[in-house]
J.: 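One structure, pasted below without further comment.
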Amino acid sequence: MSVKTTILGEVLNGLLSERIKVVDLSQILNEKTPVMKLPEPFANTGGFKLKPLSNFDEKGPDFYWNDFVAGEHCGTHFDAPVHWISGRDHDSVDTMPLNNMIGEACVIDIRKEVSENPDYCLSVADIQRFEEQHGEIPKHSWVLIHTGWANFVDDHEKFYNIGEDGLPHTPGITKEASIFLAEERDILGVGVETVGTDAGIAGAFNPPFPNHYYMHKANKYGLAQLTNVDQLPAKGAILIVNPLKIEKGSGSPVRVIALVEKE
Ligand code: MN
């Protein structure tokens, strides 16, 4: 085989020589996979369930397979603009441009702030601090908010962090930061480690769940329940995010992978 000199060949050579590492940013899907829990009277999504069909038995002696049931917003998943009232005339998972499934990741680390205050929301000042260090967040990139919350995925008490007020106390993003990223930086969307891209208490914000409101209004996306964000550099990793092609789907469980160039 000849040495490839095309751009795609360079990528393949990088993968084969392990100069490019592939990082899995998706959580495992099983019956324990956490899902968003909304208060009454709102409808809630079901979790992930596997329904065995056959396992080399009388129902299929030569084959193992299952059906599964899952919410569109179950586990590591993608939020499409039509998920929100402000984006209802925009794209669903089946109509989004394919180009938008691939983009750079900018990882903003707020683990320290979140460890001191679980309700902490990424601010415009946090974004500016990131940009002073790493340069401007490029158009067509994902902004991943690194909170460390993925560490709690197996401990539902910590992961949901329901307070005495009955509300989930989990981190998010300020309305001002969402507007800044959607309008001033033209990003693809925001990714988080929690069940949704807004803070747990953001139902009481104005508007409610402002990141959903402003991102989806601008035809941008969300990624929830990511893991292994700590394996990404602050900038330069390439994210591949391809939701299922559900007709008019508002979202989809997604296997998010990142290509990371080794230094
Ligand atoms: Mn969602």
Side-chain angles (χ1 to χ4, degrees), residues 25-30 32-39 42-49 68-88 90-96 100-101 103 105 121-122 142-145 147 149-150 152-153 156 159-162 167-173 175 177-178 181-182 187-205 207-227 229 239 241-256:
L25 299 189
S26 288
Q27 300 275 15
I28 196 85
L29 277 171
N30 59 33
K32 290 182 190 150
T33 298
V35 288
M36 166 88 66
K37 285 189 169 85
L38 296 170
F42 302 120
N44 270 302
T45 183
F48 182 87
K49 281 188 188 62
F68 67 82
V69 178
E72 288 174 332
H73 298 256
C74 173
T76 302
H77 72 270
F78 180 89
D79 288 355
V82 291
H83 180 38
W84 220 254
I85 188 139
S86 54
R88 64 195 299 175
H90 291 318
D91 284 319
S92 42
V93 282
D94 54 326
T95 62
M96 65 179 284
N100 288 354
M101 294 182 183
C121 288
L122 182 86
W142 283 96
V143 169
L144 306 186
I145 306 175
T147 58
W149 215 260
F152 305 145
V153 74
H156 284 194
F159 193 77
Y160 289 118
N161 203 29
I162 307 294
L167 296 173
H169 290 274
T170 58
I173 173 168
K175 164 181 157 178
S178 297
L181 290 173
I187 62 167
L188 288 172
V190 167
V192 300
E193 297 168 67
T194 52
V195 289
T197 62
D198 271 291
I201 59 170
F205 292 2
F209 306 105
N211 184 66
H212 285 81
Y213 188 88
Y214 289 105
M215 281 295 148
H216 298 328
K217 182 177 182 222
N219 205 13
K220 302 188 181 305
Y221 316 122
L223 279 175
Q225 276 187 59
L226 296 170
T227 188
V229 175
L239 242 56
V241 177
N242 43 3
L244 297 175
K245 202 170 178 178
I246 302 168
E247 189 172 19
K248 292 185 186 159
S250 76
S252 161
V254 66
R255 187 74 179 262
V256 181

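Just follow the structure's listing: the first ligand is 1, and inside any ligand the first atom is 1.
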J.: Below 30° counts as parallel, above 60° as perpendicular, anything between as tilted: where do the rings of His156 and Tyr160 land?
T.: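 Judged by the thresholds at 30° and 60°, the geometry between His156 and Tyr160 is perpendicular.
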J.: In chain order, what residues pass the side chain to side chain donor-acceptor pair (under 3.5 Å) check against Arg88, with sequence neighbours excluded?
T.: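 Side chain to side chain donor-acceptor pair (under 3.5 Å) check on Arg88 returns nothing, list empty.
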J.: Can you tell me how the ring of Phe78 sits relative to the ring of Trp142, calling it parallel under 30°, perpendicular over 60° and tilted otherwise?
T.: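 Perpendicular.
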J.: Can you name the nearest heavy-atom pair linking Thr170 to Thr194, along with the distance?
T.: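 It is CB-CG2, 4.0 Å.
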J.: Restricting to under 2.8 Å, identify the protein N, O or S atoms around the Mn ion (ligand 1) as residue plus atom.
T.: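 Per the 2.8 Å query on the Mn ion (ligand 1), atoms found are His73 ND1, His77 NE2, Asp79 OD1.
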J.: Determine the minimum heavy-atom distance between Trp84 and Tyr213, stating which atoms define it.
T.: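 For Trp84 versus Tyr213, the nearest heavy atoms are CD1-CA, 3.6 Å.
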J.: Nearest heavy-atom pair of Met215 and Leu181: which atoms, and what distance?
T.: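 The answer is CE-CB, 3.8 Å.
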